[in-house]
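Structure first, commentary second.
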Amino acid sequence: MTNQVQPIFILPEGTLRNTGKSAQKANIAAAKAVAETVRTTLGPKGMDKMLVDSMGDVVISNDGVTILDEMEIEHPAAKMMVEIAKVQEDEVGDGTTTAVVLAGELLKQAEFLIDKDVHPAVIAKGYKMAAEKAQLLLQGICRKVDVKDRTTLLNIARTAMTGKNVELAREKLAEIAVDAVLKVLETNSSNILSVDSDNIKIEKKEGGGIDDSELINGIVIDKEKVHSDMPKITRDAKIALLDCALEIKETETDAKIQVDDPRQLQAFLDAEQKMLKDMAEKISASGANVIFTQKGIDDLVQHYLAKKGIYAARRVKKSDIEALAKATGAKIIANLDDIKQTDLGFAGLVEERKLHKESMTFVQHCKNPKAVSILLRGGTEHVVAEAERAMTDAVGDVSAAISVGKCVAGGGACEVELAKLLRAYAETLSGREQLAVQAFAEALDIIPRTLAENAGIDPIDAMTELKAKHDQGEIYAGLDVFTGKAVDMAVKGIIEPLKIKTQAIQSASETAIMLLRIDDVISAAKLDKSGAGRMPNMPPGDDY
Ligand code: ADP
Ligand code: MG
C-alpha cells in the first residue's frame, strides 16, 4: 500500500501568501515607494503634485497628507504609511511629509541591516530604544515658547507656510493665524493653555486676492438670509440659535382629517397659520433680531420674521451653530417655548455680504469670541484650496507651540542634533541593537538631506557643513535652503513646534517597527465584481 501524502489546504482557494524575507522586502518596498513619492515636496523649495481623480477633478498640493489621501493607495503596507500622515495631521496639523519620509528612511536603513543578516526583531528592538531616547533628547534641545512672545509665534506661523503657494501674502496670513489662535486660547483650572482647532473655522471663497483674506472677530456662515425683505445689516444683533424647525411637522403616519363643512377647513387652515405666526411672535418677544436654525423655516414664518425686521438663516450646519454659540455666547435652544432673553447671544454686526456670486452671513464684532472664522480669498479655487492647507498648518503649529510651550529649530537643525546625540547614545550600547540605534540616527539625516536635494543644493556638502557646525556645539545650525549655507535657525526665525518632531518620530518609528515585525502576509482572494469569485451557494445577482 503506498502512503501518498495529501497536500493540506488550510486557507481558502485564491488566498495569496507571502512569507519570510520576501514578505518583508515587499512591505518595505511599498512603504519606501510612498515616502519617495512625497519626498520631493518637503521643505520650502519642495515641488508640488498635481493629482487628477477619476472624475477629472484636479488638486494641486505640496501637503503630504493631501497628496496621499488623493492617491487612493491600495497596498496594505503603503496604507500604513498614509495612516502616519493622517495621525500627524490630526494631532498636529503639520509635519505630515516629515513623518512619512522619516518612516520610509527608517525602513530603508533597516533593510541594509537585514541584508547584513541582522534579525528584524533585533532592529525593531533597537528602533524602539532609539525612539524612546530621542523623545528624551528632544526635551533637551528645544526652547520655551511664551504665549506673549508674538515674534516667536509669528515665526512659527511663517515657517509653517514657507514654500506653500501663498508666499506673497505670507506676512498677512501669519498675523491672521497667530491672532486667531490667541483669540480662542483656553486656560484650564491648572493654568494649562490649550487650543481646540475646531474653534477656528477656516472658510474659503475664491475671488479677490490672498491679501483680501481676513480674520473675522466672529463667524462666517456659508448661508444667506431666507427672505429678501429681511435686513442686510443688523447692528447690535441679539442672536437666537435654534435646533428646532420653524415649520409644522408632517404627521409620520398618513392621517386623514375629515371635514364636513367648508368652514371647518377654513378653521383648520387658520389654526395652522396662527401656529406659524406664533412662532415668529415668540422669537420676536424674546428680543432676538437674528436667528440661525439647524432646521427649516416655513415660508409663512419667513414672511412674519421679515415683517418684524428679523434676520434669519436656515439649515445651518451643526458645527456652525456650535461655533456661533461659542462666538456670541448664545445658548442653543431646542424648543421654541423655552426661548428666553438670557439665551440670546450678541454680535455688534450681522451682515449678509456677496462674495464671488454667493451670499454669506458675517456675524462679527463679537465681544469676546471663543470661536472665530478665518476667511481665505484667492484668485482661483486651487489657490484658495492650497491657502487653506497652508493656514491649517500655521494654525496647527502655533496651537501646538502654545499648548506644549516648546519649539525646535527648523531647516534640519533639530534632526542633525538629535542624530548626533543618538550616535553618542549608540556608543554606550553593546550588541546588535547598537547597529539599529545607529541606523535610526542615520535615518534622521534624511530630513536635512532632502531639504538640500529639493533646493538643488549638493546634499553631501550640506550635510558635511551641518555636521561640522553641530560638532562645534552650534545646536541650532540648519540649512538655509535659499543660500545653501548652514546658519543658526533660531536667529533666522525658522522654528517649529516641538510637537511636530515628537509626533513624527513616534508614529514613524511605531509604523516602521510594526512593518518590520511582519513575516507573513496572507491576503484573502479579492471579491470579483463579475461574480466569478462568488461563493458557490450564492445566487448571482446584486452585489453587496
Ligand atoms: P511637512 O509636511 O513635513 O510639514 P513641509 O513641506 O512643510 O513638510 O516642510 C517642512 C520642513 O521644511 C521642515 O523640516 C522645516 O524645518 C523646513 N523649513 C521650513 N522653512 C524653512 C526655511 N526657511 N529654511 C529651511 N528649512 C525650512
Ligand atoms: Mg509643513
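Order of listing sets the numbers, starting from 1, for every ligand and every atom in it.
- Classification of Glu214 and Arg353 as a salt-bridged pair holds, one side-chain N sitting under 4.0 Å from a carboxylate O.
- Judged by a 6.0 Å distance limit and a 45° cone about the ring axis, Arg143 is positioned over the six-membered ring of Tyr476.
- At a 4.0 Å heavy-atom cut-off, ligand 1 does not touch Ile500 at all.
- Residue Asp397 does not count as close to the Mg ion (ligand 2), with no N, O or S atom under 2.8 Å.
- Every atom of ligand 1 is numbered from 1 in the order shown, and the set under 4.0 Å from a heavy atom of Leu42 is 3 (O), 6 (O), 8 (O), 9 (O).
- Residue Glu496 touches ligand 1 through its side chain alone, judged by heavy-atom distances below 4.0 Å.
- Of all atoms in ligand 1, listed by their number and element, those nearer than 4.0 Å to a heavy atom of Gly411 are 15 (C), 16 (O), 25 (C), 26 (N).
- The distance from ligand 1 to the heavy atoms of Gly410 drops below 4.0 Å at these ligand atoms: 16 (O).
- Given atom 3 (O) of ligand 1, the protein heavy atom at minimum distance is Thr98 OG1, 2.5 Å.
- Atom 11 (C) of ligand 1 has its nearest heavy-atom neighbour, among Ala455, Gly43, Gly478, in Gly43.
- Within the 4.5 Å cutoff, no side-chain heavy atoms of Lys79 are placed close to those of His75.
- Taking distance alone, with nitrogen or oxygen atoms compared against 3.5 Å, Asp94 approaches ligand 1 more closely than that limit.
- Taking a 4.0 Å cut-off on heavy atoms, Gly95 registers as neighbouring ligand 1.
- Among protein heavy atoms, the minimum distance from atom 2 (O) of ligand 1 is reached at Thr97 OG1, 2.8 Å.
- The nearest heavy-atom contact from the protein to atom 23 (N) of ligand 1 is Ile494 CD1, 3.3 Å.
- Between Met391 and Leu173, the shortest heavy-atom distance links the atoms CE-O, 3.6 Å.
- For Thr162, every heavy-atom contact with ligand 1 shorter than 4.0 Å involves the side chain, none the backbone.
- Judged purely by distance below 3.5 Å, without hydrogens or angles, the side chains of Ser22 and Asn18 pair a donor atom with an acceptor atom.
- Not one N or O of Pro44 is nearer than 3.5 Å to an N or O of ligand 1, by distance alone.
- Residue contacts with ligand 1: Leu479 is included, with a non-hydrogen atom under 4.0 Å away.
- Comment: Lys469 does not engage Asp480 in a salt bridge, judged by the lack of any side-chain N to carboxylate O separation of less than 4.0 angstrom.
- The backbone N or O of Ile500 sits less than 3.5 Å from a side-chain atom of Gln88, completing a donor-acceptor pair.
- Formation of a donor-acceptor pair under 3.5 Å by the Lys499 side chain with backbone atoms of Ser399 is not found in this model.
- For ligand 1, the atoms sitting less than 4.0 Å from at least one non-hydrogen atom of Thr41 are 6 (O), numbered in the order shown with element in parentheses.
- Residue Lys467 places its NZ atom among more than 12 non-hydrogen atoms of other residues, nucleotides or ligands, all under 6.0 Å distant.
- Of all N, O or S atoms in Asp94, the one lying closest to the Mg ion (ligand 2) is OD1.
- Atom CD1 in Ile156 sits 4.5 Å away from atom CD1 in Ile495 (nearest 0.5 Å).
- Considering only non-hydrogen protein atoms, atom 7 (O) of ligand 1 sits nearest to Lys164 NZ, 3.6 Å.
- Scanning the protein for heavy atoms near atom 19 (C) of ligand 1, the closest one is Thr159 CG2, 3.6 Å.
- Contacts between Thr96 and ligand 1, counted as non-hydrogen atom pairs separated by less than 4.0 Å, involve both the backbone and the side chain.
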Legend entry - CA sep, side-chain torsions, deciding dist, call: Lys370, Asn199, side chain to side chain donor-acceptor pair (under 3.5 Å): CA-CA 7 Å; Lys370 282 290 150 224; Asn199 292 336; over 6 Å; no
Inset, instruction - Assess whether side chain to side chain donor-acceptor pair (under 3.5 Å) is satisfied between Gln139 and Lys406, documenting all intermediate values. - result: CA-CA 9 Å; Gln139 300 296 332; Lys406 288 176 183 148; 3.2 Å; yes
